[in-house]
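Numbered from 1 within each chain, the chains take letters A, B, ... in sequence-line order. Basis for what follows: all heavy atoms, side chains included, without hydrogens, waters or symmetry-related copies.
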There are 2 protein chains.
Amino acid sequence: MTDPKRADARRNRDQLLAVARESFAEHGTATSLREVARRAGVGIGTLYRHFPTREALLETLLSDRFDTLRQDAVDLAGEQDQRTALLHWISRVAAGAGTYRGLPESVRTALRDHDSRLHDSCDAMRRAGGDLLRAAQRAGTVRADATIEDLLAAATGIAWASENSADPAALTARLLDYLMHGLAIGDR
Amino acid sequence: MTDPKRADARRNRDQLLAVARESFAEHGTATSLREVARRAGVGIGTLYRHFPTREALLETLLSDRFDTLRQDAVDLAGEQDQRTALLHWISRVAAGAGTYRGLPESVRTALRDHDSRLHDSCDAMRRAGGDLLRAAQRAGTVRADATIEDLLAAATGIAWASENSADPAALTARLLDYLMHGLAIGDR
DNA sequence: ACCTGAACACCGTTCAAGT
DNA sequence: ACCTGAACACCGTTCAAGT
């Protein structure tokens, strides 16, 4: 599925992904798959052959995102101010989840569903984020009772709350600010 | 639309509302309207005659909710501890928005859409909640830069984040706790 | 090895025909 | 004044027939 052998199949797959990316961006994750196939110039059956579910299509488009976020967490672990590092990371998670309309919903599912094909990269990201959180907790600047699961749920919820708002980025920033104040210990 | 004159029409309307309430509770707000009509024992056209859109049906089922929340805010305004009063109120908003799967989405829309038929009761609720917020801000126990719009967005987002989780009420409670810590000034 | 599109089972919504 | 359900235009998904 990941790497078709025939050249025409590879072309179809690439074309489908390109069109899907555009369609998701334009109409959100609920965009018509028939329409995607049409615009990609392939039969609907071809779409289903390459991507058996809508989630599979989305997963392929987003597979590198979780890896990037994991790497971000690792990089940020070197920062002086652990709490700020955590804030930066959570902001990126929220921004990533807000890329497409409907995407927060998919991310919420991926985070919970152990059978998701994204589960591995999702889990790796969660672990790296957890390390970041624990570092800040050890430094005594973030509440000890906070969990990475709660933080990811909050970030996803913030991305969702900002969907379709007048100024999504601004609303996300304000809600993240509340969240981080809520997590903070000490100077504020 | 609100009060049909013929007895059979009133019966149909009541029956549709009863079935819709069940269906929304069981399958979420995206439940099949055809199925609702079928289970109510009426033609699909009858459903559309009484409720021209899915939102109209939902609005009728929820119209008293916003009024109740408004009244809650008025009642809570008498409390000693203004911050706790605000917390209680926001908790009720979140709980209300989490009643059905998909409801947070409708509430998000209603809060933003000035053309919604719920807009008036929605606005009344917002104003009452705003009074509660400002009282706490005047008391100096809640951040002065917080807005009622942000709080409602946060509460709706928390309800959404808790949908389908293992223990929705517990997750909602934890996220509300972060939010309220984030809003708090002074002792924590 | 892969593509195609008809076929099936569903939708939401409208509207002419009824009572 | 209200009800009905066929009709229309869409879906997602599967699968037999092709190349």
Want to settle it: does B/Ala9 or A/Ser32 sit nearer the 5' end of DNA chain D, counting the closest nucleotide to each? B/Ala9
Pairing partner (Watson-Crick or G-U wobble, both distances under 3.5 angstrom) of D/dC3: none
Specify the residue among B/Arg6 and B/Thr31 whose closest nucleotide of DNA chain C lies further upstream toward the 5′ end. B/Thr31
Would you call the rings of A/Phe24 and A/Tyr100 parallel, tilted or perpendicular if under 30° counts as parallel and over 60° as perpendicular? tilted
Working note: B/Arg134 + B/Asp131, criterion salt bridge (Lys or Arg N to Asp or Glu O under 4.0 Å); need CA distance, chi angles, decisive distance, verdict. CA-CA 5 Å; B/Arg134 269 183 297 279; B/Asp131 291 344; 3.2 Å; yes
Pairing donors with acceptors under 3.5 angstrom, does anything connect the side chains of A/Gln71 and A/Asp75? yes
Pairing nucleotide - C/dA17, Watson-Crick or G-U, each distance under 3.5 Å: none
Pair assignment for D/dC10, Watson-Crick or G-U wobble, requiring both distances under 3.5 Å: none
Under 4.5 Å between any side-chain heavy atoms of A/Leu57 and A/Leu17, yes or no? yes
Using a 3.5 Å distance criterion without hydrogens, assess whether the side chain of A/Arg92 forms a donor-acceptor pair with backbone atoms of A/Asp72. no
Is there a donor-acceptor contact under 3.5 Å linking the side chains of B/Arg65 and B/Thr99? yes
In residues 36-46 of chain A, which residues come under 4.0 Å of DNA chain C by heavy atom? A/Val42, A/Gly43, A/Ile44, A/Gly45, A/Thr46
Looking only at the side chains, is there a donor atom on one of A/Arg101 and A/Thr29 sitting less than 3.5 Å from an acceptor on the other? no
Outermost DNA chain D nucleotides near chain B [under 4.0 Å, heavy atoms]: D/dA1 to D/dA7
If I take atom OG1 from residue A/Thr147 and atom CD from residue A/Gln137, how far apart are they, to the nearest 0.5 angstrom? 9.0 Å
